[in-house]
Novice: 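Sending over a structure as structure tokens; questions will come in a sec.
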Amino acid sequence: MFSSQSMTPLGWVSGAFVVTVGAFAFFKSFRGSLSNKVVSRSPAVSTLAMAMQSPTPMGPSAVLKVLRMFLSTLRIQQLPHQWKHSFPQTTALLALYHRSQLAKSARSAVLDTPLDPLPDQFNRIERIRLMRSRNEQRKEIEDAAHWIVYANSAYGVLLNSAFGLIDVAALGASLSLEDVILNRTGLKPDDLVSVSSSPNAPCPVYFCAIDHKLRAIVISIRGTLSLDDVLTDLIATDQHFPPEIPADRKLPESHPKVAEYARVHSGIGSAALAMYEGEGGLKGYIDEILREHQCYRLVITGHSLGGGCAVALAMILMQREPRVFALAKSGKLRVWGFASPPMMLTTADLNQSSIRDHLDLLNSAVRVVACADDAVTRLSARSVAHLLHVLFEIDTDAKLSKLKRAAIVRAGLTNAAARLISPIEARVRKHDESVLERQKSIQTLSESDSSAAAEDMSDKDELDLDARFSELKLPGEFVYWILSTSEEHADQPETARKILGTRSTDRSNSVIRAVDPAVFTELLLTAGCIRSHFPDSYEIPLRANAKLR
């Protein structure tokens with residue numbers, strides 16, 4: 001764990017210089033992506049994206065302006081001036097607490113015991129475990145091991161070779177995306193229906209293929225790899241989804257007409273809609289393929305951003321393609337979201353039978369897989385704002401003296417950190433609940449055309465956690481959680497962990513459990529929260545578990 005004492009003055013200056021130059025180069029590099037006004041097609045865009053559409057030249061001052069606007073969106077515009085204690089030390093203290101929380105949740109999942117005490121949001125765990133037998137889970141894990149290969153193959157040669165998932169020498173002279181897909185999946189060239197390898201933002205890279213061995217039509221969507229994908233990630237506001245069905249789209253009378261029954265991540269929703277409606281999109285050929293292969297099922301898969309897009313695309317296809325809706329009703333639609341971010345929140349009145357049935361079919365079709373402490377599976381504007389609030393509370397807590405903070409961080413005392421920070425976390429959680437109540441009040445006033453009253457109430461929340469951020473969650477009834485024994489014993493001393501568990505990087509030695517999506521509402525700062533997100537952190541343990549079956 002890092003501390004402020006471990007950095008020399010030269011190190012701090014060098015680091016600041018690298019970050020500044022990198023930020024300048026990054027924002028300048030995709031000015032072109034914004035100039036085509038792709039973002040403007042989204043009903044709601046982030047403050048950051050709107051600032052970057054400004055015609056002002058992207059000089060250093062403009063970069064600082066963009067960052068300042070983005071920080072003000074999270075209500076932390078005075079962040080550098082508010083810290084009473086060392087920021088690295090405060091972050092390290094919170095990370096120790098998070099490691100303890102991760103271990104507690106992991107032990108509960110591995111040992112099939114509920115968390116104690118049992119919060120209200122975890123009450124569904126026992127019902128989930130009763131609903132799903134071990135045999136069902138084992139078969140689905142085998143399926144997941146197959147479809148993760150499709151999801152990762154969409155990344156092409158660069159990432160697959162970097163993580164040791166493909167032998168570049170086996171490809172020969174050609175390193176095209178099509179060759180990587182064929183090599184990794186074992187498909188024949190005729191099995192590839194379409195490969196969108198040069199998308200126009202916000203449409204991601206994806207391909208459609210036919211897996212005759214498993215009798216499935218497959219749509220695989222790539223995760224974040226290009227600057228256009230990064231832009232899609234950054235549009236972190238939320239919007240009503242799926243949009244209204246266009247008037248020129250004629251559907252059978254028996255097909256349910258539902259729309260805007262949820263809020264989704266705006267960037268992900270726009271990307272999925274572009275996949276369907278864009279030039280050469282699925283709208284033009286998906287019905288024909290389904291008609292030609294009526295006995296086949298439909299599988300939509302993706303990793304990271306691709307996993308979120310897979311869920312949003314399923315929502316669109318079920319809404320506008322009667323054959324897809326029929327597949328969902330017969331249990332032949334499966335959506336695999338590997339490392340999917342929280343991207344959906346149900347907002348519609350569930351008393352309406354058509355919407356309730358639609359959501360039930362969607363949730364039964366979606367399977368999300370999360371690996372250990374993967375940060376992306378917990379990352380949303382709401383969770384970031386919550387994390388910042390907890391950091392502020394830790395920094396200002398009078399009970400945590402300077403000496404006590406240093407001692408806990410230096411010794412790596414997870415249990416001590418948990419005892420001290422748990423009350424702080426509880427206070428922040430209570431504050432979050434009050435913010436959600438205010439958010440509902442603002443939404444109710446807005447819907448009743450009392451815009452002035454809603455605006456006045458929003459102004460009163462100026463210093464609070466921003467109530468405009470919806471609490472987006474992972475979709476589906478449950479989440480398959482990949483864990484190694486090192487996570488189970490992460491809060492124990494290092495010597496004990498060496499005996500009890502494996503290294504956190506050894507994902508081939510792991511267990512997989514079905515848990516409630518509520519487990520992933522809080523963003524955790526841990527040593528492996530970035531590494532756990534990489535494609536091999538999912539593929540290796542899934543394939544290892546499938547072989548054991």
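Heavy-atom basis, side chains included; hydrogens, waters and symmetry copies ignored. Since we're looking at a predicted model, the values are computed, not measured. Start at 1 with the first residue, then count along the sequence.
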Novice: Might you point out which heavy atoms bring Pro341 and Ser304 nearest each other, and give the distance in Å?
Specialist: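 That closest heavy-atom pairing would be CD-O, 3.4 Å.
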
Novice: Can you measure from CG (Leu282) to CG (Asp287) and round to the nearest 0.5 angstrom?
Specialist: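 One gets 12.0 Å once the value is rounded to the nearest 0.5 Å.
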
Novice: Quick one: are Cys295 and Arg215 in side-chain contact, heavy atoms under 4.5 Å?
Specialist: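 Yes. Closest side-chain heavy atoms under 4.5 Å.
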
Novice: Students often mix this up, so state it plainly: with edges at 30° and 60°, are the rings of Phe163 and Phe534 parallel, tilted or perpendicular?
Specialist: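 Plane angle between 30° and 60°, so tilted.
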
Novice: Taking the side chain as every heavy atom from C-beta outward, state whether Thr346 and Met344 have any atom pair closer than 4.5 Å.
Specialist: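 In contact.
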
Novice: Treating Ser161 as the side-chain partner and Leu158 as the backbone partner, does any N or O pair qualify as donor plus acceptor under 3.5 Å?
Specialist: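 Looks like yes, one N/O pair under 3.5 Å.
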
Novice: I'd like to know if the side chain of Asn152 and the backbone of Val149 have a donor-acceptor N/O pair within less than 3.5 Å.
Specialist: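 The answer is no, because no donor-acceptor pair under 3.5 Å joins these two groups.
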
Novice: Would you confirm whether Gln239, through its side chain, and Gly269, through its main-chain N or O, come within 3.5 Å as a donor-acceptor pair?
Specialist: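 No.
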
Novice: State plainly whether the residues Arg378 and Asp374 are in salt-bridge range, i.e. N to O under 4.0 Å.
Specialist: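 Answer for the salt bridge query: no.
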
Novice: Keeping the roles fixed (side chain from Ser266, backbone from Thr237), state whether a donor-acceptor pair exists under 3.5 Å.
Specialist: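 Yes; judged by distance alone, with no hydrogens or angles, the pair exists.
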
Novice: For Trp481, does its backbone N or O pair with a side-chain atom of Arg513 as donor and acceptor, under 3.5 Å?
Specialist: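 No; judged by distance alone, with no hydrogens or angles, the pair does not exist.
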
Novice: Can you confirm whether Thr232 sits close enough to Asp228 that some side-chain heavy atom of one is under 4.5 Å from a side-chain heavy atom of the other?
Specialist: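 They are not in side-chain contact.
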
Novice: Ion pair present between Arg138 and Glu142, side-chain N to carboxylate O less than 4.0 angstrom?
Specialist: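 Between Glu142 and Arg138 there is no salt bridge, as every charged N stays at least 4.0 Å from the carboxylate O atoms.
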
Novice: What's the separation between atom CZ in Arg249 and atom CD in Gln319, rounded to the nearest 0.5 Å?
Specialist: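 If we round to the nearest 0.5 Å, Arg249:CZ and Gln319:CD are 10.0 Å apart.
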
Novice: Before accepting this row, confirm whether a basic side-chain N of the pair Asp357/Lys329 lies closer than 4.0 Å to the acidic partner's carboxylate O.
Specialist: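 No salt bridge links Asp357 with Lys329.
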
Novice: Show the nearest heavy-atom pair for residues Lys257 and Pro252, with the distance to one decimal.
Specialist: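 So the two residues come closest at NZ-O, 3.0 Å.
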
Novice: Name all pairs fulfilling the ring pair (Phe, Tyr, Trp, His ring centres under 6.0 Å) condition that reach into residues 267-310, sequence neighbours left out, sorted by first residue then second.
Specialist: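 Qualifying pairs: Tyr155-His303, His212-Tyr296, His293-Tyr296, His303-His533, His303-Tyr538.
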
Novice: Please report the shortest heavy-atom distance between Ala209 and Leu192, naming the atom on each side.
Specialist: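 That would be CB-CD2, 3.9 Å.
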
Novice: Angle between ring planes, Tyr480 versus Phe478, binned at 30° and 60°: parallel, tilted or perpendicular?
Specialist: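 Tyr480 vs Phe478 ring planes: perpendicular.
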
Novice: For the backbone of Leu361 and the side chain of Ser364, can you confirm whether one donor and one acceptor N or O come within less than 3.5 Å of each other?
Specialist: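 Yes, Ser364 side chain to Leu361 backbone: donor-acceptor pair under 3.5 Å.
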
Novice: If you measure from the Lys or Arg side-chain nitrogens to the Asp or Glu carboxylate oxygens, is any gap between Lys283 and Glu321 under 4.0 Å?
Specialist: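 Salt bridge: no.
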
